Protein chains: 2
Amino acid sequence: MPVTIYDVAREAGVSMATVSRVVNGNPNVKPLTRKKVLAAIERLGYRPNAVARGLASKKTTTVGVIIPDISSLFFSELARGIEDIATMYKYNIILCNSDQRMEKELQLINTLLEKQVDGLLFMGAEIKEDHLQALTSTSVPTVLAATRDADNALPSVTIDHFQAGYDATKALIDRGHKRVAMITGPLNDPLSGLMRFEGYKKALVDAGIGLNEDLVANGNFFYESGLTKTKQFLQLSEPPTAIFAANDEMAIGAIHAIQDSGLNVPNDVEVIGHDNIRLVEMVRPRLTSVVQPMYDIGAVAMRLLTKYMNNEHVEEHVVLLPHRIEYRESTRPEQE
Amino acid sequence: MPVTIYDVAREAGVSMATVSRVVNGNPNVKPLTRKKVLAAIERLGYRPNAVARGLASKKTTTVGVIIPDISSLFFSELARGIEDIATMYKYNIILCNSDQRMEKELQLINTLLEKQVDGLLFMGAEIKEDHLQALTSTSVPTVLAATRDADNALPSVTIDHFQAGYDATKALIDRGHKRVAMITGPLNDPLSGLMRFEGYKKALVDAGIGLNEDLVANGNFFYESGLTKTKQFLQLSEPPTAIFAANDEMAIGAIHAIQDSGLNVPNDVEVIGHDNIRLVEMVRPRLTSVVQPMYDIGAVAMRLLTKYMNNEHVEEHVVLLPHRIEYRESTRPEQE
DNA sequence: AATGATTATGAAAACCATTAAATGGGGAAA
DNA sequence: TTTCCCCATTTAATGGTTTTCATAATCATT
């Protein structure tokens, strides 16, 4: 029923190979022939079948994207970066939510490979041996975005989370704080969880303050957890005067907990978040945050993937993007 | 190089047809044969090629999703609903951002049809003649999510935006307000823009108040626009005592503008937003908002699409989901 | 044991393109 | 004129499945 390349060939009085050349912009076609073919295509309303093309050419111009949760402010921004660059290079995206469940992740990798994607972009928390095995069981190139495997076996694009945690903590210490609390992410998340926390600890030690267990709480990256953990902090006999939260949602929860207990941000407690999601501008006081360039991470990761898919040479397969702190009103202007 | 169904057939000593049956769960296979085939598959590490399958079966178990902007809080939630149900029915999603640019939308429709998607899920603002033409140039079923065409020619899933605008406005009027302002969306957006505004006007008229042009501002759905439009409202000689914003981001901007000018929400000005995105819980005061069930819209739209793809009977192709107002602290407790 | 009804299996034709190799025609060089 | 080369085009093979149709095997009935 649908129009095939064969129909066009007959209509134009040429072979299907010639039609194929015209469709694919091959220059070896006489202008007159091209015109005839184009006319036939127009007349018949021919639309090339990408599935057949994929089978014949072994290329689908499609990449698989495995993401924990597209409805997250953080990942949706990343996804946008991925998709924009993909579009730029004429790829489409098959998007899959994993909820960071390993079995789902493995199953998705498999499904995407069955679908013959030209490349794979993976976002998640921890990369286990099973992941590596699944991803290397094939020649399909893979790039990790905002994620890294322990041995750097796979190409990845991230920021330096240890340094980010260090910087945020040090910024608070430099403002004269001795009691700097941290609301961490889940510590089984090696980068956003563990590394930021390690950076925090190192900054404390370097400043001669040392770690106070009472001032550390494990959050889960959600607003609620920032709220409740901070309430607990405020009930300490010596509550913190500054809080670093491992992401912005928790930081905003922290701010509200502080405000709800009658205290002022930043005068009583200063707060720094992490990621600099769009939300930080939409709260009062606006949130000081470590800028993790989500869009760029996605974009760079996708760009890197295109290089692998084209067999271009890649000089450095572990990319670290710069971060910085964007100061807003949840911290006081720096002391001179 | 990769293992094909033929390799498995040889290894197992059967024909490819039998292997195909085993792989696809066809019951007409002797248990012993099935076992042999399964063993061969395991031994060879066979992974079915979905592209070849798609060519042969004319089904790709993939649906195309055209969305204005995946990084938007609103649409990413919708997308999650879509993806969850898609997964449930064993479909994958090709996700494309349109930025609501018509030429891009049309081009994406075409690309997705080339890729032989089994169905199409479209989100956007206005559905023009060109869209309808592109979408009906094919037998691939399409469902509109959070979008509707003027003639209801296409299946769609939305809420009643007129009624939603009416209800929000009436809620404010019922609280005794005479000067109820509205920050609308772009009025070329028929539902979120125009319809909500129409509902607002009707509620005013029904209450015998009538439209006051000074109390209407056209926003663009972004935080900034809520902020600036509200500042303008507050400079009027008779500023509004209540504001209905066509979405939550603008409503939060409105709250901040009010607070920044030293006034109190809700005591001086009450504010109602629209959509009930996750953000509404993360501001102080928390925002009263018209609940538009984004996740459900996505989920229901996808479910509807599966019915069309399976040629199941559909009783009603224009689905209206219920909405309601979730009251929080940006409005005062209702008068008895 | 013959018959018919099921069930299990195989052979081969789609599916719709790409692509490598073959072909034919035209022009230039010998 | 013959030979060689180049360009445009065609022929035919290929990609990995599903699916139809035919055949073979099994089983229950009589």
Side-chain angles (χ1 to χ4, degrees), chain A residues 1-38 40-41 44-62 90 111 113-118 138-140, chain B residues 1-38 40-41 44-62 90 111 113-118 138-140:
Chain A
M1 198 63 184
V3 182
T4 73
I5 199 173
Y6 189 76
D7 300 323
V8 176
R10 184 153 27 80
E11 174 82 9
V14 300
S15 75
M16 25 191 307
T18 300
V19 177
S20 175
R21 278 194 210 88
V22 170
V23 169
N24 293 300
N26 185 314
N28 281 10
V29 180
K30 206 173 7 172
L32 177 63
T33 310
R34 181 187 310 277
K35 209 172 129 195
K36 279 195 303 186
V37 171
L38 253 21
I41 287 177
L44 268 45
Y46 169 65
R47 174 183 289 143
N49 181 324
V51 171
R53 171 180 293 168
L55 184 60
S57 69
K58 300 177 172 306
K59 299 226 164 85
T60 55
T61 62
T62 303
K90 311 239 186 283
T111 303
L113 291 176
E114 283 190 4
K115 293 224 167 170
Q116 312 296 120
V117 294
D118 295 338
T138 161
S139 62
V140 173
Chain B
M1 197 62 183
V3 182
T4 74
I5 198 172
Y6 188 77
D7 300 324
V8 175
R10 184 153 27 81
E11 174 82 10
V14 300
S15 74
M16 27 192 302
T18 301
V19 178
S20 176
R21 284 193 197 91
V22 171
V23 169
N24 294 300
N26 185 315
N28 280 12
V29 180
K30 198 164 31 161
L32 176 63
T33 310
R34 180 186 311 278
K35 207 172 132 197
K36 279 194 302 183
V37 170
L38 254 19
I41 287 177
L44 269 46
Y46 169 66
R47 174 183 288 142
N49 181 325
V51 171
R53 170 180 294 169
L55 183 60
S57 69
K58 298 173 172 308
K59 299 225 165 89
T60 55
T61 60
T62 303
K90 310 241 186 282
T111 302
L113 291 177
E114 284 190 3
K115 295 225 166 168
Q116 312 297 119
V117 293
D118 295 340
T138 161
S139 61
V140 173

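Chain identifiers are assigned alphabetically (A, B, ...) following the order of the sequence lines, protein sequences preceding nucleic acid strands; residue numbering begins at 1 within each chain. Note that the coordinates shown come from a computational prediction; the quantities given were computed from them, not determined experimentally.
Atom NZ of A/Lys35 is separated from atom NZ of A/Lys30 by 13.0 Å, given to the nearest 0.5 angstrom. Separation of atoms CG (A/Leu44) and CZ (A/Arg10) is listed at 8.5 Å; rounding is to 0.5 Å.
In this structure, the side chains of B/Val14 and B/Val19 come closer than 4.5 Å at one or more pairs of heavy atoms. Residues B/Glu114 and A/Asn49 fail the side-chain proximity criterion, which asks for heavy atoms closer than 4.5 Å.
Rounded to whole Å, atom C1' of D/dT9 lies 13 Å from atom CG of A/Leu32. For A/Leu55 and D/dT17, the CG to P distance is 9 Å, given to the nearest whole Å. Rounded to whole Å, atom P of C/dT19 lies 10 Å from atom CZ of A/Arg53. One can place CD1 of A/Ile5 at 12 Å from C1' of C/dT19, the figure rounded to the nearest angstrom. The OH-C1' distance, from A/Tyr46 to C/dC16, rounds to 8 Å in whole Å. Summarising the geometry, the separation between CG on A/Asp7 and C1' on C/dC16 is reported as 10 Å, rounded to the nearest angstrom. Rounded to a whole Å, the CD atom of A/Glu114 is 20 Å from the P atom of D/dG15. What separates NZ of A/Lys59 from C1' of C/dT18 is a distance of 11 Å, to the nearest Å.
For the pair B/Pro48 and A/Gln116, the tightest heavy-atom approach, listed with the atom from each and the gap, is O-OE1, 4.4 Å.
Taking only side-chain nitrogens and oxygens, A/Asn49 never comes nearer than 4.0 Å to OP1 or OP2 of C/dC15. OP1 or OP2 of D/dG16 lies within a sub-4.0 Å distance of a side-chain N or O belonging to A/Lys58. For the OP1/OP2 pair of D/dT14 and a distance below 4.0 Å, the side-chain nitrogens and oxygens of B/Tyr6 include no atom meeting the criterion.
In this view, B/Asn24 and B/Ser20 satisfy the side-chain hydrogen bond (donor to acceptor under 3.5 Å, both in side chains) rule, not counting sequence neighbours. Residues passing the side chain to side chain contact (heavy atoms under 4.5 Å, CB included) test with A/Val140, sequence neighbours excluded: A/Leu113, A/Val117, A/Thr138. Under the side-chain hydrogen bond (donor to acceptor under 3.5 Å, both in side chains) criterion, B/Glu11 pairs with B/Arg43, sequence neighbours left out. Partners of A/Arg34 by side chain to side chain contact (heavy atoms under 4.5 Å, CB included), not counting sequence neighbours, listed by chain and number: A/Val22, A/Val29, A/Leu38. In this view, B/Lys115 and A/Ala50, A/Thr61, A/Thr62, A/Asn92, B/Ile94 satisfy the side chain to side chain contact (heavy atoms under 4.5 Å, CB included) rule, not counting sequence neighbours.
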Between the protein and nucleotides 24-26 of chain C, which nitrogen or oxygen pairs are less than 3.5 angstrom apart?
none

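Across its full length, the helix from C/dA1-D/dT30 to C/dA30-D/dT1 shows an angle of 50° between the axes of its 5 terminal pairs at either end, rounded to 10 degrees.
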TODO: Start with the C-alpha gap between A/Tyr46 and A/Ile5, add the side-chain angles, then the distance that decides, and say whether side-chain contact (heavy atoms from CB on, under 4.5 Å) holds.
DONE: CA-CA 8 Å; A/Tyr46 169 65; A/Ile5 199 173; 3.7 Å; yes

Open item on the list: Return a single string for nucleotides 4-10 of chain C, one symbol per nucleotide in 5' to 3' order, where B is base contact, S is sugar-phosphate-only contact and - is none, cutoff 4.0 angstrom on heavy atoms.
Closed with: ----SBB

Which pairs of donor and acceptor atoms, one on a side chain in residues 51-58 of chain A, lie under 3.5 Å apart (sequence neighbours left out)?
from	atom 1	to	atom 2	distance (Å)
A/Ser57	OG	A/Arg53	O	2.8
A/Ser57	OG	A/Lys59	N	3.3
A/Ser57	OG	A/Lys59	O	3.4

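Residue B/Ser20 is in base contact, counting any heavy-atom pair closer than 4.0 Å across all strands shown.
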